[in-house]
Every structure is written in structure tokens, then in C-alpha cells.
Amino acid sequence: MYWIFKYIFVLCLALWISYYRQWVSKLNRTRTKGLSDISTSSLNITDGYYFYNRSEQNQNAYLEFKHTVYKQGLCGNLEIPPLKRPCTPYIHIHPYQIEKFILLQGQLSYQLGDKIYSCNIHTCPSPIIIPPLVPHTFWMNDNKEDLILIVRIEPTYKTHGLRAESFENIVGTRRDEYMNIWQAFVFIDNIESYPVRLPLFLTKLLIKTGSLIGQLLGYQIEYEEYTTRNF
């Protein structure tokens, strides 16, 4: 009798996973493939990304783009704690990649390690350099104008780490409101941007496990509707 119930359970689970994967595959995604200018909101009330010189960047293994955090909407609402705003990245590290920020407009606050800094175009380091394995994040400090940054990431890799294709897919998923914990696990595992609350080896194990479950459920690293290929 026990084996019968076990068989029925496994069969039902397999059928449910198959149904769920089919549902995920049929989600209607906004086609932004090939666009240079994309946003996490169709109303431009969160943040936007402008990509340029992608062929040259791919050949030389770096990524550079303009990132705008809009002053209107949730991301510019100074009454919301910075780390709870949708445009503020969770505090994280990159094991291998270096990030560089150049502030073009607005008031920037950023956390680097245990310290928090605030600056404008006259007082910010140019560039702000984020070495590998250093916890960091950033946010808008004043909403009198949009926050505009040039972001440079190096080196880049074709299939993992932060790269243009990963930003396209994360931005597209957020814009289409399809982000959930399993999709997030799949993205985080691929871009290798690890939260810092737990020891790194435990964080990697947790995220890898979540990513495998997410991929089993049909969530992908890249979607054809979002992804621009230049190599």
C-alpha cells in the first residue's frame, strides 16, 4: 500500500511540474530584443538602461552602459528606506568582476563594505571602483533630478556573470512583473551576485539549489523576447 501512495504522489508531482513548465513557457513577454534603451517600468517610473557599443564591448570583454534612476515613482520616494526601494540592489558581492561607477547627474549614496558615502558630480570619485568580493549597493540620495550613472563591468563572460544579456532579462522580467523567488534564484545563480547575509559557501549552496528547482519549473536564464545577441 505504501508503494502505491508513493507512486501516486510521484506521478502527481511530475504532472504538476509538467503543467507548471507549460504555463511558464506561455507567459506573454514584452519583446525588447534589439532595443538599446530599456526600462523596468513601461511608465518610466523606476529605472532605465541604455546600452551602446555592444559589439566593441563584447570583443574586449567589458560592459558599459548608462543607468538612470528616475526621480518620480518609488525609486525617488525618499520616504521609503533606501534598501527597500525597487531600484536599490540588495547588498551583494561579485567574486570575479570589477564594477566602476561614474556619476553624471544627481545625488548618489552608496555602500562600500561597511561604510556609506554620499556625493554629487563635484565630490564623487571618478570612477567609484568596486573590487571583487566587496559588499556594495547604491541608491538615489535626493530626488530633485534623475540619478544618472555610467556603469562599467569587467571582465565579462559569454554565459555567466553580469553582462548585457543578463540585464536585459532581469529588466524585462521585472517590467513584465514575472519576477518570483524561483526566477530570482535562476538569475542570481547565473550573474554571480551573491547576497552577504550568510557565509559565501552557504549562500552559493542555497542559491544553486533554488536555481535548480527554478529551472526544473521552467524558468530560464535568458528569454528570446528579451535577449540581444552581438556575437
Next item on the list: Assess whether side chain to side chain contact (heavy atoms under 4.5 Å, CB included) is satisfied between His67 and Asp47, documenting all intermediate values.
Entry: CA-CA 7 Å; His67 182 205; Asp47 59 347; 3.0 Å; yes

Margin query: So does Pro199 get a backbone contact from the side chain of Thr203, meaning a donor-acceptor N/O pair under 3.5 Å?
Written below: yes

Check: Does Thr173 use its side chain to pair, donor to acceptor, with the backbone of Asn169 at less than 3.5 Å?
Finding: yes

Notebook entry, point to check: Looking at Lys71 and Asp146, does any basic side-chain N land under 4.0 Å from a carboxylate oxygen?
Noted result: no

Next item on the list: Take Val134 and Leu112, measure what side chain to side chain contact (heavy atoms under 4.5 Å, CB included) needs, and give me the verdict at the end.
Entry: CA-CA 7 Å; Val134 175; Leu112 188 58; 3.5 Å; yes

Check: With distance as the sole test, does Tyr178 use its side chain to make a donor-acceptor pair with the main-chain N or O of Asn28 at under 3.5 Å?
Finding: yes

Item checked: Donor-acceptor contact below 3.5 Å, side chain Ser39 vs main chain Ser41 -> yes

Margin query: Just so I know, are the side chains of Cys119 and Tyr110 near enough to count as touching, which here means a heavy-atom distance under 4.5 Å?
Written below: yes

Notebook entry, point to check: Does a donor on one side chain and an acceptor on the other come within less than 3.5 Å for Thr30 and Asp176?
Noted result: yes

Item checked: Among Tyr50, Tyr49, Phe187, Tyr226, ring-ring contact (aromatic ring centres under 6.0 Å, His included) partner for Phe167 -> Tyr49

Item checked: Pair Leu13-Val10, side chain to side chain contact (heavy atoms under 4.5 Å, CB included): steps then yes or no -> CA-CA 5 Å; Leu13 180 62; Val10 171; 5.7 Å; no

Next item on the list: Identify the two heavy atoms, one from Ser126 and one from Ile102, that lie closest to each other, and give their separation to 0.1 Å.
Entry: OG-CG2, 3.8 Å

Next item on the list: Using side chain to side chain donor-acceptor pair (under 3.5 Å) as the criterion, point out the one residue from Arg31, Arg29, Arg229 that pairs with Glu224.
Entry: Arg31

Check: Side chain of Tyr157, backbone of Leu162: donor and acceptor closer than 3.5 Å?
Finding: no

Margin query: If we check side chain to side chain contact (heavy atoms under 4.5 Å, CB included) with Glu154, which of these qualifies: Glu64, Lys100, Gln97?
Written below: Lys100

Notebook entry, point to check: If we only count heavy atoms from C-beta on, is the Gln107 to Leu147 side-chain gap below 4.5 Å?
Noted result: no

Item checked: With Arg85, the side chain to side chain contact (heavy atoms under 4.5 Å, CB included) member among Pro81, Pro82, Cys87 -> Pro82

Margin query: Which heavy atom of Pro135 sits nearest to which heavy atom of Leu133, and what is that distance?
Written below: CD-O, 3.7 Å

Next item on the list: Indicate, with yes or no, if the rings of Tyr19 and Trp16 have centres closer together than 6.0 Å.
Entry: no

Note to self: Please find the pair of heavy atoms, one from Leu63 and one from Ala164, that lie closest to each other, and give the distance.
What the structure shows: CD2-N, 3.6 Å

Check: Applying the side chain to side chain donor-acceptor pair (under 3.5 Å) test to Asn190, which of Glu222, Arg163, His160 qualifies?
Finding: Arg163

Next item on the list: Could you tell me which non-hydrogen atom of Leu103 sits nearest to which non-hydrogen atom of Cys124, and how far apart they are?
Entry: CD2-SG, 3.7 Å

Note to self: Using 30° and 60° as the class boundaries, would you call the ring planes of His136 and His94 parallel, tilted or perpendicular?
What the structure shows: tilted

Check: Looking at CG of Leu108 and CG of Asn141, how far apart are the two atoms once the value is rounded to the nearest 0.5 Å?
Finding: 8.0 Å

Next item on the list: Would you mind reporting whether Ile150 and Leu104 have side-chain heavy atoms less than 4.5 Å apart?
Entry: yes

Notebook entry, point to check: Below 4.5 Å, heavy atoms only, C-beta onward: do Leu74 and Ile80 meet side chain to side chain?
Noted result: yes

Checklist line | Short side-chain to backbone donor-acceptor contact, Ser25 and Gln22, under 3.5 Å | finding: yes

Item checked: Tyr62 backbone acceptor or donor facing Asn60 side chain under 3.5 Å -> no

Notebook entry, point to check: Taking Gln183 for the side chain and Ile221 for the main chain, is one N or O donor matched with an acceptor at less than 3.5 Å?
Noted result: no

Next item on the list: Could you please spell out the steps behind the side chain to side chain contact (heavy atoms under 4.5 Å, CB included) verdict for Ile213 and Phe185?
Entry: CA-CA 9 Å; Ile213 295 173; Phe185 274 132; over 6 Å; no

Check: What are the two closest non-hydrogen atoms of Pro195 and Ile188, and how far apart are they?
Finding: CD-CG2, 4.5 Å

Notebook entry, point to check: When rounded to the nearest 0.5 angstrom, what distance separates CD in Glu145 from CE in Met140?
Noted result: 8.5 Å

Check: Salt-bridged, Glu225 to Lys33, with N to O below 4.0 Å?
Finding: no

Checklist line | Where Pro132 and Pro95 come nearest, the two heavy atoms and their spacing | finding: CB-O, 3.4 Å

Notebook entry, point to check: Taking it one step at a time, do Ser118 and Ser109 satisfy side chain to side chain donor-acceptor pair (under 3.5 Å)?
Noted result: CA-CA 4 Å; Ser118 295; Ser109 285; 2.7 Å; yes

Next item on the list: Spell out, as yes or no, whether a donor-acceptor pair under 3.5 Å connects the side chain of Thr228 to the backbone of Gly34.
Entry: yes

Next item on the list: Using a strict cut-off of less than 4.0 Å between a Lys/Arg side-chain nitrogen and an Asp/Glu carboxylate oxygen, indicate whether Glu168 and Arg54 qualify as a salt bridge.
Entry: yes

Checklist line | Side chains of Tyr194 and Tyr90, donor plus acceptor under 3.5 Å | finding: no

Note to self: For Leu205, is there any backbone N or O sitting under 3.5 Å from a side-chain donor or acceptor partner on Thr209?
What the structure shows: yes

